Amino acid sequence: MSEPVLRVEGLRVAFDHPLGKVRAVDDVSFALMPGERFGLAGESGSGKSTLALSILRLIKPPGHIEAGAVWLDDARIADLDDDGIRRLRLAGIALVPQGSMNSLNPVLRIGRQIADAFADHGLRLGHREEQRRITALLAAVGLPATIARMYPHELSGGMKQRACIAIAISLRPKVIIADEPTSALDVVVQRQVMATLARVQQELGAAVILVGHDMGLMAQFVDRLGIMYAGRLVEVAPIADIIARPRHPYTRALIAALPSLEARGMLAGIPGLAPSLRELPSGCAFHPRCELAIDRCRAERPVLRDIAGAQVGCHLA
Amino acid sequence: MMQCRGESGSGKTTLARLLLGLVEPTEGIVRYRGQDLRRLGFEARRTFRRDVQAIFQDPYGVYNPFYRVDHVLTVPVRRFGLATSRADARDLIGEALRAVGLRPEEILGRYPHQLSGGQRQRVMVARALLPKPKLIVADEPVSMVDASLRATILGSLRRLTDEHGISILYITHDLATAYQVSDAILVLYRAHLAEAGAVEPVVRRPQHPYTQLLVSAIPRAHAERDWLAEENETPRTSVALTPDGCVFADRCPHAVELCLAAPPALHRTEPRRGVACVQYREHAVLSASALGEVLLP
Ligand SMILES: Nc1ncnc2c1ncn2[C@@H]1O[C@H](COP(=O)(O)OP(=O)(O)OP(=O)(O)O)[C@@H](O)[C@H]1O
Ligand SMILES: [Mg+2]
């Protein structure tokens, strides 16, 4: 067995708020193998993006990392100085942030924005070499070289998203974190973008963390899936297992809520509201919405247990 | 509830802006209750602004980062005089937020960047509900929320249509949810209508090659894992588009000479379906003004 490329251990992130602290990520641990595709799914507001940002130490006040550690290979990210962190971003772990295609700089040509990524990492290249690399990167994501001279508004959504991937992979990272990379795109373009991501991943031998909520996409793309609820990982399992046999009641509800193209009818949402992260319910955070809840669920917080190759945080699993 | 879908950049958002009177058509007329939008008087325009609410796709663009989220909710309350007191306004806003699955005490007082993507989107839905509109034009209102919440929000929009007779134009990429909640559907490709009709036959048995491509590109949870492989096998035709021909010809596996000569007419292949494709040319042509016939039950 090879060693994990990324390890996240006991990560805790909180945002200070006048009315009390919001703990957006609570004691999250997982390991990512080289070349693996790991999915992170869960309700809106469950802390997926916060987790992605905190892996790169990109949390800004009022947010802060309260506890836990992240290792990339043998390097503990918290031990890195500012320079080390700067090199880590893009060169070690690259993030394609949520909504990134809308945050391309509107007044800079795409080529310039890629060159800026090189410069940010102290990579000083001659003009020729810079152009050569930009063209190669664009080609890697299936875009013609002419895109380098265009502005973001001249590109379609799918092209913009590929440009963002090109920027993210410009320094050949070991891990690519893509936060909802395709939720604004139609399914045809989505499939093209995901195929592009899969291809560059294979070429780099990089691991991918895909953040999202589309279980169909997860089923078709990732190897393993982690489900988040109220800041915690409540289930982690190989993708085929989790789809065929979800063990946590929340995961089950999530899969049951998938709209079907076979039968029309009422969509089945999970009743009740997601819990307030400021005042989490006692015991299992899902218990107020869980049909199966017993007294123990109200009193005692479940921890992740290994069950037949999966990890599940439920007393009843 | 009617649904309108198509690829990124196919003109769906422009269509929404046209319907809202935000841009003027180069040709043609948009009528609201029989009245040309460009000719509404002052009072009628005010009513229109209240009756027709929009939910736009990009939850990042709408917010001013320097104002608290409350701002986007208090503006319509004030503009349309929806509340008589501060307490009244607070109740109204609270009710709207709860209708989309949010806790007011967690949302109000925050700045936009302090909310998750899905929370921001839901605030936009709440804002549109505030003035109790007659028509909601919703452009990708739930693209960032998970399946369960999506079901909940769309379910509550659906209830609005059923109980209060509100009409909804739901603009989306997501065929699967649209299939669940809408009655009729329009499929657009590059600013052109590809297929239209009752949602059931169009989605279950698509006839236009573009609609067929869309349905086949949906990633499915309970299916063989061949989605990415299929992408790599999708045939790329070498047909070049002509200015007069069908706009889908360069991607169409069935493209023939005829497709390049003139734009395809809309053929009524079934009582409640029109398809803009020469493959169906033996069926009667459906004129643009008769489009409503295939959309309405
Ligand atoms: N800068 C911030 N300040 C305060 N609270 C924040 C901040 N960023 C996020 N939060 C809160 O932390 C929680 C988790 O947010 P996060 O963006 O990680 O959710 P998410 O799972 O990515 O959701 P989505 O699927 O909607 O993108 C939410 O309750 C959110 O309101
Ligand atoms: Mg997020």
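Order of the sequence lines fixes the chain letters, A, B, ..., with proteins taken first and strands second; residue numbering starts at 1 for each chain. In this text, all values refer to a predicted model and were calculated from it rather than measured experimentally.
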Report which part of Ile239(A) has an atom under 4.5 Å of a heavy atom belonging to chain B: side chain, backbone, both, or neither.
side chain

Taking the side chain as every heavy atom from C-beta outward, state whether Val189(A) and Met159(A) have any atom pair closer than 4.5 Å.
no

Compare all side-chain heavy atoms of Arg224(A) with those of Ile242(A) and state whether any distance is below 4.5 angstrom.
no

Any salt bridge linking Glu43(A) with Arg289(A)? Criterion: basic side-chain nitrogen under 4.0 Å from a carboxylate oxygen.
yes

Can you confirm whether Leu104(A) sits close enough to Ile110(A) that some side-chain heavy atom of one is under 4.5 Å from a side-chain heavy atom of the other?
yes

Can you tell which part of Ala198(A) gets under 4.5 Å to a heavy atom of chain B, answering side chain, backbone, both or neither?
side chain

Which class fits the ring pair Tyr229(A) and Phe286(A): parallel under 30°, tilted 30 to 60°, perpendicular over 60°?
perpendicular

Excluding sequence neighbours, so at least two apart, what forms salt bridge (charged side-chain N to carboxylate O under 4.0 Å, His left out) with Arg162(A)?
none

Tell me, side chain or backbone of Arg225(B) under 4.5 Å from chain A's heavy atoms, or both, or neither?
both

Flag the pair His153(A) / Pro106(A) as yes when at least one side-chain heavy-atom distance between them is below 4.5 Å, and no otherwise.
no

Toward chain B: residues of residues 214-223 of chain A with heavy atoms under 4.5 Å
Asp214(A), Met215(A), Gly216(A), Leu217(A), Met218(A), Ala219(A), Gln220(A), Phe221(A), Val222(A), Asp223(A)

In terms of heavy-atom pairs under 4.5 Å with chain A, the winner among Glu106(B), His222(B), Gln114(B) is Glu106(B)

Does a donor on one side chain sit under 3.5 Å from an acceptor on the other, for Thr177(B) and Tyr170(B)?
yes

